[in-house]
Number of protein chains: 2
Amino acid sequence: MELSLRRLRTLREVARRGGVNAAAATLHYSPSAVSQQLEALSVEAGAPVLERVGRGVRLSEVGRVLVEHAEVLLAAERRAGAAVEGARQTLSAHLTVGVFPAAGAGVLPAVLADLAARHPGITLDSVEGDGESVVTDVRDGHLDLALLLDYPDAPEPWKADLRVVPLGQDEIHLAVADGSAHGPGAALEALADEDWILSGPHTYWGRAVRTACRRAGFDPRVRHHVDSSATALAMVAAGLGVALVSDLGRVFCPSRGVVVVPLARPLSRTISIAHLPHTGERPTARAVLAAFARAAGAAGLAPVEAVHEGRAGQVPTRSEAASRANPSSSGTRGT
Amino acid sequence: MELSLRRLRTLREVARRGGVNAAAATLHYSPSAVSQQLEALSVEAGAPVLERVGRGVRLSEVGRVLVEHAEVLLAAERRAGAAVEGARQTLSAHLTVGVFPAAGAGVLPAVLADLAARHPGITLDSVEGDGESVVTDVRDGHLDLALLLDYPDAPEPWKADLRVVPLGQDEIHLAVADGSAHGPGAALEALADEDWILSGPHTYWGRAVRTACRRAGFDPRVRHHVDSSATALAMVAAGLGVALVSDLGRVFCPSRGVVVVPLARPLSRTISIAHLPHTGERPTARAVLAAFARAAGAAGLAPVEAVHEGRAGQVPTRSEAASRANPSSSGTRGT
DNA sequence: CACCGGTGTCAAGCTTTGCTTCATGGAGCT
DNA sequence: AGCTCCATGAAGCAAAGCTTGACACCGGTG
């Protein structure tokens, strides 16, 4: 009995997904490779691991037993990996994190600078993607971590098997053209007659803003459907309409032509990091999580417990917020 | 972290043997292969798994941690294998057993016939060897089971990490030429002036017989140093001297010319089977053990708990003993 | 009924892994 | 110094393992 962890992994995936093709897709194999691995497992076990039923396939009794033990073995493998990471005096690993665009521009540079200073051995790759895709990629193990956005009215129950640690609140403000009549403390309902620049209702952002407007008593007249914050803000500067922008999104503000003013009734979204349960035991992953937490604080994101208060003046610039949140930081994030 | 059980196995072996060469020898690899596997493990772990010290090597901290987890993983692998064997409705496997010569001729045929009838899927290979070599081969995993002989005055403490299940007592008798003056119930000391046919003192058998004679008050005059029972018995038939022979050894008795008579003071050796602890959990191994137990009973070996009593007449033939021990058996052991 | 769209498997080819053999570099022993 | 033993490096070759493309099979559908 000379088992191979690789084969056990694919067997488990077949058991989870209920099919050879599905397992092959998530493992980035061809279906044929999965089939061959299962065949090899069957030879090893002395009995077929799965039996054909209809046009699909089902685990045999031996297959079920083997999957059961595969779970034990793979869990032990993960623990071994974490233990090795811990035993290595200098943390080093290669992690991949899924980010949404604003985070990529707004917090990733600070995180990378932080990591480079504290743990030079840790390298971080980022993959841009929306909330839905990154969560499934985390669940499949293709991403170690994923930054997520949670909007107040859109609970996301599909993260039940993931650990989600909140990073902070990303407050949402109003972006208007320079010289606009809308001053600090603008009420959302005062913008009912404006032209809006917003992403479509198929995005979380588009849906969240529409919901907020509707609660304020109007449907925004969206004249320009734009997915990227950078484009939206450029349009605002060009006088095409108004838009909402979050703290993080302000990295995309053009140098001139746009004024960001606080909303009368504060609106915010929660930024958090999702990962598989066992990832939290990896020392390198913990180091990265800590770096993200520091970067969030330095970027001026309010802690999730913070109580929202109305503000009197204009929204502080990011560097002002940063120095308030972390006076010792000199704001070394760039690009 | 994509561990390979094969590499972990060699790492553990290096840890146990304390060197690359030694591990390579027991694993039947070349030293270079072991070295390469360890290098691959080091890359995987992100840190060297072992460090050179003097002209040898020593495990690094990471290596120690990895070995610790390797033990867990390999134990889990063994359990998985046993579970698969159990889940397979028809027992089938290929086991290798180490035997001493008399057992090979005396009990193996019965065992194979028994297995062929009850579990056609189980195939058994046998390797002839002395007690010492088979024990180390069992310990290294090259043999699944090993038949052992234990002599009363020669405890063998080097089987501490093995499970040893006793099969029965193999009684030792006197073999003399046909027409000899020595009758039933011969006392050992009456043979002090005979010419002896015996193996050298480097063998367990030779040592045990010499010890028994010495306890009877004399040193046997060994004129013919013969390792094999078959040759010794042929020499007895030819009138070259006397020899001792065990129940199992009687399969080598020539058809005529030799008379086997019981000793006045019974002498016996214990036959047992040794295996690694986890082997006892394998259903196929249990089936083989059961077959050996049945064969031992059918061969007329007394249970180890049996009390020795002096006997009045000649030693019963093997088929008489067999029918007494197991009346339904028709004695189908041959060659 | 014939036809897709989907399943899993088979066969051939090629890349990669991984072993062996032979040669090299140190560390201890005489 | 010379010798021996241990571990490692380089080259070569065999086997494992993946991919592509073709096939067989089942189930729903026009």
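Each chain gets a letter, A, B and so on, in the order the sequences are listed, and its residues count up from 1. The figures that follow rest on heavy atoms only: side chains count, while hydrogens, waters and symmetry mates do not.
Considering Glu85(A), His94(A), Arg88(A) in turn, Glu85(A) is the only one that fulfils the side-chain hydrogen bond (donor to acceptor under 3.5 Å, both in side chains) rule with Thr284(A).
Proximity of residues 23-47 of chain A to DNA chain D (heavy atom under 4.0 angstrom from any strand atom) is restricted to His28(A), Tyr29(A), Ser30(A), Ser32(A), Ala33(A), Gln36(A), Gln37(A).
Computed from coordinates, the Glu51(A) CD to dG8(C) P distance equals 14 Å when rounded to whole Å. When the P atom of dA16(D) is taken as reference, atom CG of Leu3(A) falls 16 Å away, rounded to whole Å. Residue Asn21(B) contributes atom CG, which lies 5 Å from atom P of dC6(D) at whole-angstrom precision. Arg58(B) has its CZ atom 16 Å from the C1' atom of dC6(D), to the nearest Å. We find that CZ of Arg9(B) is positioned 16 Å from C1' of dC19(C), with the value rounded to whole Å.
Dashed line: the shortest gap from a side-chain N or O of Arg6(A) to OP1 or OP2 of dA16(D) is not under 4.0 Å. Not one side-chain nitrogen or oxygen of Arg55(B) sits closer than 4.0 Å to the OP1 or OP2 atom of dC29(C).
Contact annotation for Arg7(B): backbone-only contact, meaning every heavy-atom pair under 4.0 Å involves sugar-phosphate atoms and none involves a base.
Annotation: side chain of His202(B) is in contact with side chain of Asp227(B) (closest heavy-atom distance under 4.5 Å). Between Leu149(B) and Tyr204(B) the shortest side-chain heavy-atom distance does not fall below 4.5 Å.
Looking at every heavy atom in both residues, Arg16(A) comes nearest to Glu71(A) through NH2-OE1, 4.1 Å.
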Item checked: Intermediate values then yes/no, side chain to side chain contact (heavy atoms under 4.5 Å, CB included), Thr96(B) and Val127(B) -> CA-CA 7 Å; Thr96(B) 306; Val127(B) 175; 3.8 Å; yes
Next item on the list: Before giving the answer on side chain to side chain contact (heavy atoms under 4.5 Å, CB included), spell out for Arg210(A) and Arg207(A) the whole-Å C-alpha distance, their side-chain angles and the decisive distance to 0.1 Å.
Entry: CA-CA 5 Å; Arg210(A) 280 177 177 76; Arg207(A) 218 165 25 235; 5.8 Å; no
